[in-house]
Amino acid sequence: MNDSNLYRMMFLIRKFEERALTEFSSGKLVGTTHAYIGQEANAAGLLYHLVDGDIVWSNHRCHGHFLAYGGDANQLAAELMGKETGVVGGRGGSQHIHWKNFYSNGIQGGIVPVATGMAFAQKLDVTGKIAVVFIGDGTLGEGTLYETLNLAALWSIPVLIVVEENGYAQTTPVEQGVSGRIAGRFEAFGIKTYELASSDVIEVSALAQKAIEFVRGKTAPAALILHTHRFSAHSKGDDTRDKEEVKKLRDTYDPLELHRPRIQMEERNILEKDVMIVVDEAFKSAYDAPYPILREELK
Ligand SMILES: Cc1ncc(C[n+]2csc(CCOP(=O)(O)OP(=O)(O)O)c2C)c(N)n1
Ligand SMILES: [Mg+2]
């Protein structure tokens with residue numbers, strides 16, 4: 001993907017999430033949502049390296065992953081509103097998305113054995129496809145992760161576990177929830193580990209490509225630990241962090257700001273305008289869409 005397309009994708013994720021948060025605060029959306037604002041470089045830099053047939057498992061913070069996978073903004077906005085035109089007919093909401101080989105589920109850790117099982121099926125069927133699963137630092141305490149790492153290593157399963165370490169699990173700082181080195185947890189199982197502390201999409205892309213090539217080439221598991229930063233609240237308004245701390249993170253690590261100088265201003269303006277229209281139309285068409293008909297009503 002060229003610089004402009006990477007920027008476009010990150011800008012789309014940012015604007016989609018900002019609009020979703022606005023709609024939540026105005027009461028147009030219900031349920032919950034976990035914005036990906038600040039972490040855009042991870043999804044944008046990684047997912048375009050996958051090929052058709054590869055499997056992606058995401059978590060509660062899935063909108064950015066879905067859009068970078070190629071998911072449709074209209075269908076995502078409609079899904080957030082529980083509308084019939086949503087990506088899963090309005091029945092999944094923000095955290096339960098499925099389209100092609102993309103899946104998401106909000107049960108922390110639970111997605112790791114499922115993704116690994118699906119990757120194992122790819123190995124048994126000799127398809128050459130792999131699975132990628134995204135987890136957060138707060139999910140490193142889930143026991144099922146380690147049972148899965150054991151089997152993934154023993155059976156050499158082509159799964160890439162991406163840890164988006166954003167410093168917090170809801171309101172708990174990573175220092176209070178995760179002991180030792182994160183990489184050490186994977187290395188203990190003999191799993192190849194890649195690690196990066198950068199919000200530069202170009203750097204993320206280069207390392208993600210390496211990790212994906214390893215998993216596919218060796219038909220073996222790997223971990224990619226991405227140290228990243230969440231600028232928005234955990235879900236909607238639940239941010240207990242100091243406002244100054246969040247401002248400092250934004251000023252230093254904004255992936256859009258880091259990448260922006262690589263795109264000519266004229267092109268950037270056109271591209272940004274275009275994305276604003278896409279996001280506006282996604283939410284407007286979602287308001288106008290009907291709710292799904294309940295089974296009882298069909299009888
Ligand atoms: C098994 C389970 N326990 C608790 C929760 C509630 N919960 C949702 S997200 C979250 C924190 C997740 O933190 P992390 O894994 O670091 O991901 P992040 O939100 O930072 O992206 C918690 C406790 C859940 N979804 N699943
Ligand atoms: Mg976290």
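Ligands are counted one by one from 1 in listed order, and the atoms in each one are counted from 1 as well. Scope of the values below: all heavy atoms of this structure, side chains included, with no hydrogens, waters or symmetry mates.
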Would you say His34 has any N or O atom under 3.5 Å from an N or O of ligand 1, going by distance alone? no

Taking non-hydrogen atoms only, is His60 closer than 4.0 angstrom to ligand 1 via side chain, backbone, both or neither? side chain

Is it the case that Lys210 places NZ or CZ above or below the six-membered ring of Tyr194, under 6.0 angstrom from the centre and within 45 degrees of the axis? no

Salt-bridge contact Glu23-Arg19 (side-chain N to carboxylate O under 4.0 Å): yes

Kindly confirm or rule out an N or O of Ala169 lying under 3.5 angstrom from an N or O of ligand 1. no

So that I can check it, does any N, O or S atom in Tyr168 come closer than 2.8 Å to the Mg ion (ligand 2)? yes

Given Trp57 and Phe134, is the ring pair (Phe, Tyr, Trp, His ring centres under 6.0 Å) satisfied, shown in steps? CA-CA 6 Å; Trp57 265 95; Phe134 289 91; over 10 Å; no

Checking Gln122 against Thr127: is there a side-chain donor and acceptor pair closer than 3.5 Å? yes

Row check, Tyr168 ring normal vs Arg241 NZ/CZ: under 6.0 Å, within 45°: yes

Any idea which part of Asp137 is under 4.0 Å from ligand 1, heavy-atom wise: side chain, backbone, both or neither? both

Please work out which of Asn166, Val163, Thr144 has its closest non-hydrogen atom nearest to atom 20 (O) of ligand 1. Asn166

May I ask you to list the atoms of ligand 1 that are less than 4.0 angstrom from any heavy atom of Gly138? 13 (O), 14 (P), 15 (O), 16 (O)

Determine, for Tyr287 and Lys28, whether the Lys NZ or Arg CZ falls below 6.0 Å from the six-membered ring centre while staying within 45 degrees of the axis. yes

Show me which atoms of ligand 1 lie under 4.0 Å from any heavy atom of Gly106. 24 (C), 25 (N), 26 (N)

Would you check whether Arg230 has a nitrogen or oxygen atom less than 3.5 angstrom from a nitrogen or oxygen atom of ligand 1? no

Test of understanding: given a 4.0 Å heavy-atom threshold, classify the contact between Arg61 and ligand 1 as side chain, backbone, both, or neither. side chain

Going by the atom numbers of ligand 1, which of them fall below 4.0 Å from some non-hydrogen atom of His234? 9 (S), 10 (C), 11 (C), 19 (O)

Please check if Val275 and Ile263 belong to a single hydrophobic cluster, counting links between Ile, Leu, Val, Met, Phe, Trp and Tyr side chain heavy atoms closer than 4.5 Å. yes

Answer yes if the side chains of His65 and Glu164 hold a donor-acceptor pair under 3.5 Å, and no otherwise. yes

Is Gln170 close enough to the Mg ion (ligand 2) that one of its N, O or S atoms comes in under 2.8 Å? no

Quick one: do the Glu17 and His63 side chains pair a donor with an acceptor below 3.5 Å? yes

Donor-acceptor pair, side chain of Asn105 and main chain of Ile111, under 3.5 angstrom: no

Verify, without hydrogens or angle tests, whether Asp54 (side chain) and Ile130 (backbone) share a donor-acceptor contact under 3.5 angstrom. yes

Would you mind running through ligand 1 and noting each atom that sits below 4.0 Å from a heavy atom of Gln170? 7 (N), 10 (C), 11 (C), 22 (C), 23 (C)

Looking only at protein heavy atoms, what sits closest to atom 15 (O) of ligand 1 is Thr139 OG1, 2.7 Å

To check your reading of the model: name the closest protein heavy atom to atom 12 (C) of ligand 1, its residue, and the distance in Å. Gln108 NE2, 3.4 Å

Could you list which atoms of ligand 1 come closer than 4.0 Å to a heavy atom of Gly136? 14 (P), 15 (O), 16 (O), 17 (O)

Report the name of the N/O/S atom of Asp137 located nearest to the Mg ion (ligand 2). OD1

